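Side chains included, hydrogens not; waters and symmetry mates left out as well; all remaining heavy atoms used. Everything quoted here is computed from the prediction, not taken from an experiment.
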Amino acid sequence: MERWRGLLRVPLHADSRDFYQVAASLCLSLSSNSLTVPSINAIFFTGDRVMGTGNPVIERLSNLQNIADIMVSKIGGSVNAWVIEASVFNGPFAVYKDFIPSVNQWGEPKSYDPTGFPASWSTVSLLSNCLRESAATHKQNIPSLASISGLQFYRPKTLVFGFSKGGTVVNQLVAELGLAKSRSMQDRIQIEDELQQIIPCTKEDFLDSIAEIHYVDVGLNSVGAYITDGHSVEKLTEHLEQAEGDKGLRFVLHGTPRQWCDTNRSWIRNEKDKLFHLLKSVTQRSGGKLQVCERFYLADRRPDLQMHFEIIEKLDIS
């Protein structure tokens with residue numbers, strides 16, 4: 001399957017003064033070179049910027065387009081990969097203020113409040129604007145949305161990845177999932193326009209499409225790297241119990257010694273363990289709809305910054 005690859009600069013809404021950098025890798029139909037409906041949307045939220053290291057590994061794995069290509073290589077050809085960078089940086093610090101309204105000037109969250117569904121609304125708005133921006137300004141490089149091929153009566157499932165501080169967005173989405181109402185099968189097959197075939201176009205559809213959540217070496221200089229609210233996990237379990245059919249949700253916690261063995265930030269390991277045990281405690285009650293596992297990488301090496309980025313390339317998402 002051929003692909004369209006590009007780096008987009010997109011506002012969240014028409015009146016926004018802040019722009020997001022989003023690397024996209026979209027699948028095309030071999031026969032018509034038109035956009036086709038993916039089976040999976042992989043959405044990857046990045047963390048703080050690391051500049052001036054002179055390390056070629058870190059430089060390569062900090063590149064948004066390279067990350068998108070890695071996601072495609074791991075998941076398969078029928079995937080649309082989206083790599084999202086925060087719109088605001090305070091020096092090197094990513095500030096996902098549209099996704100998590102409680103963040104401070106350093107991008108550290110005070111809480112994960114699902115009221116108003118800010119993370120899911122922002123994700124849907126951003127991806128919709130990415131597709132429209134591509135069609136409007138890259139006509140020589142990407143086919144028109146009007147030429148979408150492969151109409152299917154289901155929507156793609158979504159895999160969400162939060163890397164480093166990008167894990168805060170994942171935490172917010174988990175909190176919002178607990179309040180989401182599961183969509184009926186009839187609702188899910190109502191495809192209203194071409195855009196809706198490629199990505200979920202409402203926050204309800206987006207949350208309902210999430211099949212996997214991956215924490216990728218997340219960490220903060222404050223508490224809140226992982227969500228540890230038992231109430232949010234309970235609400236998430238109730239959401240899955242009410243879902244139709246075999247809809248499930250898989251959590252994978254990926255880590256390296258850089259984060260999980262940092263004695264100066266011991267709360268990262270403690271929060272990871274607490275979330276893992278909270279999820280594990282409800283897996284049986286969910287009837288198998290909720291699954292969780294953890295994967296530790298580069299365990300035989302001393303913690304360093306390079307391994308923090310190397311994990312992106314070594315991710316086991318099977």
Does the distance from a Lys or Arg side-chain N to an Asp or Glu carboxylate O, for Arg258 and Asp304, drop under 4.0 Å? no
Between Val216 and Leu315, does the side chain to side chain contact (heavy atoms under 4.5 Å, CB included) criterion hold? Intermediate values first, please. CA-CA 8 Å; Val216 184; Leu315 277 183; 4.0 Å; yes
Derivation of the side chain to side chain contact (heavy atoms under 4.5 Å, CB included) call for Leu126 and Val22: CA-CA 9 Å; Leu126 190 59; Val22 181; 4.1 Å; yes
Could you give the distance from CZ (Phe309) to OG1 (Thr53), rounded to the nearest 0.5 Å? 8.0 Å
Go through the side-chain N and O atoms of Asp113 and Ser111 and say whether any donor and acceptor fall under 3.5 Å apart. no
Please work out whether the ring planes of Phe45 and Phe99 are parallel, tilted or perpendicular, with thresholds of 30° and 60°. perpendicular
Are the charged groups of Glu85 and Arg9 less than 4.0 angstrom apart, N to O? no
Judged by modelled atom types alone, do Asp205 and Thr202 share a side-chain donor-acceptor pair under 3.5 Å? yes
Taking the six-membered ring for Trp and the full ring for Phe, Tyr or His, determine whether the centres of Phe296 and Trp260 are under 6.0 Å apart. yes
Residues Lys235, His239; criterion side chain to side chain contact (heavy atoms under 4.5 Å, CB included); working and verdict: CA-CA 6 Å; Lys235 297 298 291 183; His239 167 74; over 6 Å; no
Can you see whether Arg3 engages Ser25 through a side-chain donor-acceptor pair at a distance of less than 3.5 angstrom? yes
Counting N and O atoms only, with roles assigned by atom type, does the side chain of Ser102 sit under 3.5 Å from a partner on the main chain of Lys110, one being a donor and the other an acceptor? yes
Is Glu271 paired with Lys274 through a side-chain N to carboxylate O contact shorter than 4.0 Å? no
Is the ring centre of His254 less than 6.0 Å from the ring centre of Tyr215? no
Do Ile40 and Leu159 have side chains that get closer than 4.5 Å, going by heavy atoms? yes
Using a strict threshold of under 4.0 Å (side-chain N to carboxylate O), is an ion pair present between Glu294 and Lys272? yes
Would you check if there is a donor-acceptor pair between the side chains of Tyr297 and Asp316 at a distance under 3.5 Å? no
Before you tell me yes or no, could you show the steps for Glu108 and Phe93 under side chain to side chain contact (heavy atoms under 4.5 Å, CB included), namely the whole-Å CA-CA distance, both residues' side-chain angles and the distance that decides it to 0.1 Å? CA-CA 9 Å; Glu108 298 166 342; Phe93 300 109; over 6 Å; no
When the ring centroid of Phe251 is compared with that of Phe276, is the distance short of 6.0 Å? no
Just checking, any donor-acceptor pair under 3.5 angstrom between side chains of His214 and Glu212? yes
Can a side-chain donor-acceptor contact be found between Asp217 and Thr256 if the only test is distance below 3.5 angstrom? yes
Quick one: does Asn41's side chain have a donor or acceptor within less than 3.5 Å of a partner on Lys157's backbone? no
Between Arg60 and Glu313, is the closest basic N to carboxylate O distance under 4.0 Å? yes
Taking NZ, NE, NH1 and NH2 as the nitrogens, is one of them in Asp262 or Arg269 under 4.0 Å from a carboxylate oxygen of the other? no
Charged N to carboxylate O below 4.0 Å: is that the case for Arg285 and Glu234? yes
For Phe89, does the six-membered ring have the charged nitrogen or CZ of Arg49 within the cation-pi criterion, i.e. under 6.0 angstrom from the centroid and within 45° of the normal? yes
